[in-house]
Amino acid sequence: MSEAIRIFVPIDAAALSVGADAVAQAIAREAQARSVAVEIVRNGSRGLLWLEPMVEVETLEGRIAYGPVAARDAAALFEAGFHKGDVHALRLGPVDELDWLKRQQRLTFERVGVTDPLSLADYRAHDGLKGLERALSLTGAEIVEEVRESGLRGRGGAGFPTGIKWKTVHDASATQKYIVCNADEGDSGTFADRMLMEGDPFLLIEGMTIAAIAVGATRGYIYLRSEYPHAHKALQRAILKARNAGLLGASVLGSGKAFELEVRLGAGAYICGEETSLLESLEGKRAIVRAKPPIPALQGLFGKPTIVNNVLSFAAVPWILTHGAKAYADYGMGRSRGTLPVQLGGNVKRGGLIELAFGISLREIIEDMGGGTLSGRPIRAVQVGGPLGAYLTAQQLDTPMDYEALAGIKAMLGHGGIVVFDDSVDMAKQARFAFEFCAKESCGKCTPCRIGATRGVELVDKIIAGHERPKNLAVLRDLNKLMTDASLCAMGGLTPMPVMSALNHFFEDFDRPPAERLPLAAE
Amino acid sequence: MVHYPAWDQDEARSIVSGLSHLEGATLPILHALQEEFGYVDPQVVPLIAEVLNLSRADVHGTISFYHDFRTAPPPRRIVKLCRAEACQALGCDTVVEELAREHGIVVDDHGSQEAVVETVYCLGNCALGPSALIEGELIGRANADRIAALCGARQ
C-alpha cells in the first residue's frame, strides 16, 4: 500500500464557521469507505475566505486546491479522483498559482495555511526558530538595533516605532520586566491577529521570546479577547508544546535565559485594546485607561518596564531577525516599511487576508482583489482602520495604504481593516452607531468620552429628526472637536473620525426630510 | 447545551484558592468560576477580596466592569450575534429585525427567555458575516432562521 495522501482542511475559525469540521469528517469517512489512505492535516487558512472551506491535496505537482467544499461534495470529489488532484467543478488549481496568493508578499503570513499550526517539527521545517536562534547569538542591544533598523512600526494601529519602544525597556533597569502581547483584536473588520494565532501560533511565541531575550524580560502574557475561543485553544496548546520542547521555560533553547509565557483571557471589553487599560485588566482591575506619562515601557504591568506590542508586531520580528533588517525595510513606502496584512471584509465579493508591502491603493485591493461588493450594488462607503477609522467615499479609493497618506486625508490605517458598504448604507445611522459604540464601551474615566459619546447619540438623533438642524450640526462639530482634543485615550479621541468623515463626505444623509417622530434618545 | 451545577461556596472557595498564586489573579478566578457555575455569585466577592487582599469594592468593580461576567444563572442557551460595522454592511440589522418579527426573539432581552441572543461587537469573521457564536462554535453567513433554530434547538 502506498503512503497516505495528505489532505489539508483548515481549522481556522472562519473556515469552521462555514463547515470545515464537517468537511474534514466527510473526507475521512469517504476515504475509509473507498480504502484510500489519507492523512488529514488541519492547517490555517490561506485567507481566501470566500472559498472556505478550501481543501488542498498534496500531489507530485504540488498542492491542488478545491473550494468552497461542502461535506456533501466529498463523495463526488473522490469519484472524480480529487485525491489524485484530478478535475472537478470545485478544482481551483495549484495553490501557489492562485492569483489572490501570487500577488501577495507574505512575510508574516508565509507559513499560515501551509503548515500544521501545532506541529513544532513542521514549524522548524519551514524556517521556524531561525530568528530566535540568531537572536540568542546577539546581545540585547544588537537585537533592538536590528528591529529599529527594519523600520517596523507597531501594527496595532498607532504605528509607533517598535525598536524605540524596545530600546526604552532595554535601557530601563528593574528587577522584573514584562512582555505583553495585545491580542485584544476588537476592531470590526480586523481578523489578522486571530488568523495568525490560529494558523501559526509558534510565530507569536517566537517573536515574544525574542523580545524577552532582547530586553531581559522573564515573564510574558498574551492578553486575548474572549470572543476568540479557537485562538485560545490554539495558543494554549502551542505554549504547552513550546514549553515541553524547551522553547519556553527556565532555559530558552538551552541558552540559560528564562522566559515564561501565559495566555490571559479578556472579558468582553473593547477598551482593553488600549494598552494601559489592557495592563489594568491584566492586573485584575477594572480596565480604566491610565494617563501617560509614565509610559508602559518604563512603568507598565505592575509598575515594571513592559513591552506592549500587537500580535502582528511580534510576529514580524522573527522574519526580521532571520533575513536582516534591510531585507524587511526594502518593502514598503515612505516611513511605512515592510508589509501590512490587510483584512478585507464587509460587503465584498472576495474578502480575506492580503499581506502586501505598504503602498498598494485601496481601489486595487477592493476592486481587483475583492471583486467589488457582494450584493453587486455600487460601493458607497469604505471604513478603514476599525470602528474609530474614517469612512471614505468611492472617489477616495486611490489613496495608498500608508500611515501618512491616510492621515493626509483625515483617515487612519489602524490595524489594516477595510470594511466595504454598498449604496444601501445610511451614513447618518453609521455616525450615530460610532457614538453609541463609544458610549457603550467607554471606560468612563474621562468626561469627553463618557459624556460626549452619549451627547453625540442624542445630537445625531435630533439632526436625523430635523430638530433645529443647523444649530445641532454646529453643536455636533463642536462636540467632535472637544472629544478629539480633550479625551484621555484614542477611544474618545478618535470616535469623531467616523462621525466627521460621515458628516463631511455624506452630508446628504444628515439633511433628509425629517423623520415623522423623534427617536427615543432625543426626546 | 451546557448544564451547570448549582452554586457551591465550598467549590468556589477551592477554585479561588487554587488560582490565587497567579499574578493579577482576579480575571482568571472570575473566568474559572463562570466556567464552572455559568455565573459569578455575588457571595464570592468577600472571599476573593480576602484571598487576594483587595477591597470588596475592587472585586465588585471588576465583576461589573466587564460585559462577560454574569451575576445570575445564565439562560440555557446563549447565541452571540455580531453587530459591528462589517456585519452591519452585510445586513445584521435585518437579522435582528427578522428575529423579532418572524420568531419573537428580541435581541438582548434577558427577560424570562430560555435562549437569549446577545449583541457582541466583532467575532473576527468579517469577510463571512453576519456572524454568530454559540457555545464556542462560530457561524458564518448567519440568517434569522438559522439563529432562531439554534435558539430552539434545546430538547
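Lettering follows sequence order; numbering is per chain, from 1.
Chain B forms the most heavy-atom pairs under 4.5 Å with one residue out of A:A13, A:G345, A:A14, and that residue is A:A14. Heavy-atom pairs under 4.5 Å with chain B were tallied for A:R194, A:E283, A:E52; the largest tally goes to A:R194. The greatest number of non-hydrogen atom pairs below 4.5 Å with chain B, out of A:H232, A:E280, A:K285, is found for A:K285. Ranked by heavy-atom pairs under 4.5 Å with chain B, the first of A:G370, A:A267, A:G19 is A:A267. Ranked by non-hydrogen atom pairs under 4.5 Å with chain B, the options A:F433, A:F421, A:Y221 are led by A:F433. Looking only at heavy-atom pairs under 4.5 Å with chain B, the residue among A:A434, A:G189, A:G444, A:P498 that has the most is A:G189.
Of the possible polar contacts, none joining the A:S17 side chain to the B:L138 backbone as a donor-acceptor pair under 3.5 Å is found.
Of all heavy-atom pairs between A:G346 and B:L90, the closest is O-CD1, 3.4 Å. In plain terms, the two heavy atoms of B:E85 and A:P387 that are nearest each other are OE2-CB, 3.3 Å. Nearest heavy atoms, A:S188 versus B:C126: C-SG, 4.4 Å. Nearest approach of A:T190 to B:C122, heavy atoms of both residues: O-SG, 4.3 Å. Between A:G266 and B:H31, the shortest heavy-atom distance links the atoms O-NE2, 2.8 Å. Taking every heavy atom of both residues into account, B:A127 and A:F191 meet most closely at N-CE2, 4.2 Å.
Contact annotation for B:L128: only side-chain heavy atoms (C-beta onward) come within less than 4.5 Å of a heavy atom of chain A. For A:Q383, the part sitting under 4.5 Å from any heavy atom of chain B is the side chain, from C-beta outward, and nothing else. If you measure heavy-atom distances from B:F65 to chain A, the contacts under 4.5 Å come from the side chain alone. Of the atoms belonging to A:S281, heavy atoms from both backbone and side chain fall under 4.5 Å from chain B. Heavy atoms closer than 4.5 Å to chain B are found in the backbone of A:D187, but not in its side chain. Residue A:K233: no heavy atom, backbone or side chain, is found under 4.5 Å from chain B. With a 4.5 angstrom heavy-atom cutoff, A:R350 does not touch chain B via any of its atoms. For A:L282, the part lying under 4.5 angstrom from a heavy atom of chain B is the backbone only. Contact annotation for A:Q343: neither backbone nor side-chain heavy atoms come within less than 4.5 Å of a heavy atom of chain B. With a threshold of 4.5 angstrom between heavy atoms, A:L49 approaches chain B through its backbone and through its side chain. Heavy atoms closer than 4.5 Å to chain B are found in the side chain of A:I271, but not in its backbone. Residue A:A287 touches chain B through both its backbone and its side chain, counting heavy-atom pairs closer than 4.5 Å. If you measure heavy-atom distances from A:L301 to chain B, you find no contacts under 4.5 Å at all. Of the two parts of A:C443, the backbone and the side chain both hold a non-hydrogen atom closer than 4.5 Å to a non-hydrogen atom of chain B.
Looking at B:L27 and A:R264, their side chains never come closer than 4.5 Å, going by heavy atoms from C-beta outward. Inter-residue side-chain proximity for A:D21 and B:E137 is flagged as unmet; no heavy-atom pair is nearer than 4.5 Å.
No close placement of the A:Y270 and B:Y121 rings is indicated, their centers lying 6.0 Å or farther apart.
Once rounded to the nearest 0.5 Å, the distance linking CG of B:D68 with CZ of A:R225 reads 10.0 Å.
A 6.0 Å sphere centred on CD of B:E50 holds no more than 12 heavy atoms belonging to other residues, nucleotides or ligands. Around the CZ atom of B:R141, the shell of radius 6.0 Å holds more than 12 heavy atoms that belong to other residues, nucleotides or ligands.
Between B:E23 and A:R219, at least one side-chain nitrogen of the basic residue sits less than 4.0 Å from a carboxylate oxygen of the acidic one, meeting the salt-bridge criterion.
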